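In this text the structure is predicted, and so the values were computed from the model without any measurement.
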Amino acid sequence: MKYSYYPGCSLKGQGRAYEESLLPVMRHLGIELEELPDWNCCGATAYMAVDEGKACVAASRNLAIAEKAGLQQVLAPCSACYLVLNKTQHLIHDYPHIKSTVDRAMASVNLKYSTDIPVRHPLDVLISDVGMDAIKQKVTHPLKGLKVAPYYGCQIVRPYATFDDQFNPTSMDRILEALGATVVQFPLKTKCCGGSLTGTLPEAGLRLSYIILKEAIKRGADVIATVCPLCLFNLDSFHGKIAAKWESTRIPTVYFSQLMGLAFGMTAKQMGLQRGLVPMKPLASAPACCAARTAAAAS
Amino acid sequence: MEMTRTIKYEADRVKGFGEEVMSVPGCEELKDCIQCGTCSGVCPLSIYMDFTPRQVMEMTRFDFKNEVLGSKTIWLCASCYACTVECPRQIKITDIMYELKQRAIKEKVYPRGLPTPVLAQEFTKMVHDYGRVNEILLATKMYMKTNPFAAMGMAPLGLGMIKTGRFSMIQEKIRGRADLARMLETVDEGK
Ligand code: SF4
Ligand code: SF4
Ligand code: SF4
Ligand code: SF4
């Protein structure tokens with residue numbers, strides 16, 4: 001099956017390592033992704049705070065474009081995009097006034113929104129469509145000895161738990177285990193990282209990131225794996241400020257897709273690992289050239 | 001010595017506000033709130049709020065319009081949905097917070113000097129004009145409007161973004177800008 005890939009602004013901007021790692025990994029697993037033509041920003045949490053009707057109109061333009069192109073599934077890797085697109089469908093479905101607002105906007109530019117195209121997160125596609133066996137088969141460089149804290153963040157399981165448990169999701173845990181990594185017990189896996197509050201109200205926002213980093217270290221993790229560009233940004237970017245305010249919690253954070261690529265024998269450079277501010281240590285199992293490159297990227 | 005009354009009188013309320021909010025689709029369940037405080041307990045930000053989520057629910061229901069729309073609480077809500085999934089009465093607390101944010105922006109009564117509502121409005125402008133958001137340009141705009149000094153504190157992070165190749169000042173634009181703008185305008189026309 002072909003999936004329509006909705007990158008969202010972040011994966012083309014500061015979160016580009018997510019795209020750089022996810023696309024080759026999905027291709028390697030036989031998943032065909034086609035970028036949604038002329039997609040627009042989903043509006044994130046910000047648009048909903050200003051005007052719900054407009055937020056739904058902006059988000060649904062993407063779904064209408066996918067529908068027009070005859071695409072059956074949309075893949076949204078950013079947690080906020082994933083939630084906003086899903087939420088928009090729920091609102092159109094449940095509330096007639098939203099439906100008529102969206103219909104009116106669509107009619108003004110000859111678009112149509114008629115079906116609820118499934119909007120899915122890569123974790124969902126990996127566990128449900130690709131399957132654990134197919135993932136295991138591709139592992140050539142198991143992540144032996146790497147202790148990973150799986151961090152899901154809030155918005156992929158809340159409020160609509162579709163493919164995983166709302167309180168204790170395990171899809172990423174299972175994938176990481178299939179890669180040969182050791183998954184540490186991480187009770188804060190769905191606790192909020194602070195979202196954009198790390199920038200707008202750092203007094204409050206940074207503390208939430210700090211709590212997650214501290215817990216991952218306490219649990220003995222070498223690295224935190226995320227599924228969202230904003231989560232990664234928050235956990236990776238404020239080590240200096242956090243150390244100045246509380247204590248040093250320098251632990252690297254990476255995208256789960258970067259770890260998948262490494263286990264499939266792709267290099268650290270190909271996976272965009274040099275884009276992290278806190279570098280991940282080279283893996284013992286990595287090919288010699290790759291270990292050298294990771295070390296170079298880290299220095 | 002100036003004395004201020006810390007208890008609200010009935011006369012301070014804006015009659016009808018609660019009914020109005022509870023008539024919005026998605027906010028109806030607010031009438032079922034049992035004031036159990038679960039939302040405040042699970043909210044990761046309640047310790048910074050001027051009123052906890054439980055208090056905001058009660059104050060909304062009982063017409064304390066000026067207090068809730070002028071509160072910092074609604075702008076501290078990170079939309080993490082922890083409260084919504086835990087509420088024993090299935091109240092969509094996060095969505096009620098969104099409803100209150102929209103009203104505070106429409107009536108321009110959000111607390112001045114708070115960057116969150118400024119960021120939200122700049123964000124919508126960028127989407128309307130270009131169809132895409134550049135996080136760096138957006139953050140710069142927000143800091144310039146609220147706290148230029150804070151922008152300087154962000155300089156090391158900016159350097160880090162440049163070093164790791166994640167920094168871009170180019171504003172991406174979609175081809176269908178005019179269409180998107182047209183679509184958004186139909187929403188105002190329909191109001
Ligand atoms: S979530 Fe953020 S980055 Fe992703 S499309 Fe929406 S606004 Fe843009
Ligand atoms: S975990 Fe952080 S970035 Fe991810 S959805 Fe929650 S607040 Fe947003
Ligand atoms: S959790 Fe629900 S019922 Fe309990 S106080 Fe909060 S809104 Fe009311
Ligand atoms: S959605 Fe908002 S109010 Fe509810 S728990 Fe999260 S931050 Fe608190």
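The contact list for residues 177-191 of chain B toward chain A, using heavy atoms and a distance under 4.5 Å, reads B/Asp179, B/Leu180, B/Arg182, B/Met183, B/Leu184, B/Thr186, B/Val187, B/Asp188, B/Gly190, B/Lys191 by residue number. The contact list for residues 100-117 of chain B toward chain A, using heavy atoms and a distance under 4.5 Å, reads B/Lys101, B/Gln102, B/Ile105, B/Leu114, B/Pro115, B/Thr116 by residue number. Residues of residues 17-49 of chain B lying within less than 4.5 angstrom of chain A, judged on heavy atoms, are B/Pro25, B/Gly26, B/Pro44, B/Leu45, B/Tyr48 in numerical order.
Interface summary for chain B: among A/Ala58, A/Ser108, A/Ala49, the most heavy-atom pairs under 4.5 angstrom belong to A/Ala49. Most heavy-atom pairs under 4.5 Å with chain B: of the set A/Asp94, A/Leu111, A/Leu201, this distinction falls to A/Leu201. When B/Thr84, B/Val127, B/Leu119, B/Asn134 are compared by the number of non-hydrogen pairs under 4.5 Å with chain A, B/Val127 comes out ahead.
With respect to the salt-bridge test (charged N to carboxylate O, under 4.0 angstrom), the residues B/Asp95 and A/Lys87 qualify.
Residue A/Cys41 holds its SG atom at 4.0 Å from CZ of B/Phe123, rounded to the nearest 0.5 Å. For the atom pair CD (B/Glu86) and CD (A/Gln166), the distance works out to 8.5 Å, reported to the nearest 0.5 Å. Going from atom OG1 of B/Thr124 over to atom NZ of A/Lys54 covers 7.5 Å, rounded to the nearest 0.5 Å. Interatomic distance, B/Tyr81 OH to A/Gln155 CD, rounded to the nearest 0.5 Å: 6.0 Å. With values rounded to the nearest 0.5 angstrom, B/Trp75 atom CH2 is found 11.5 Å from A/Leu197 atom CG.
Between B/Val85 and A/Phe167 there is a side-chain heavy-atom pair separated by less than 4.5 Å. With a 4.5 Å cut-off on side-chain heavy atoms, A/Arg61 and B/Ile174 count as touching. When side chains are defined from C-beta on, B/Glu135 does not count as touching A/Cys9, because their heavy atoms never get closer than 4.5 Å.
Interface remark: A/Asn62 contributes no atoms to any contact with chain B (heavy atom separation under 4.5 Å). If you measure heavy-atom distances from B/Ala82 to chain A, the contacts under 4.5 Å come from both the backbone and the side chain. For a residue to count as touching a neighbouring chain, one of its non-hydrogen atoms must lie under 4.5 Å from one of that chain's; by this rule A/Tyr95 touches chain B with the side chain only.
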Below 3.5 Å, can you tabulate the donor-acceptor pairs from side chains in residues 160-172 of chain B to any protein atom, sequence neighbours excluded?
from	atom 1	to	atom 2	distance (Å)
B/Thr164	OG1	B/Gly160	O	2.9
B/Thr164	OG1	B/Met161	O	3.4
B/Arg166	NE	A/Gln14	O	2.8
B/Arg166	NH1	A/Arg275	O	2.7
B/Arg166	NH2	A/Gln14	OE1	2.9
B/Ser168	OG	B/Ile170	N	3.1
B/Gln171	NE2	B/Arg132	O	3.1

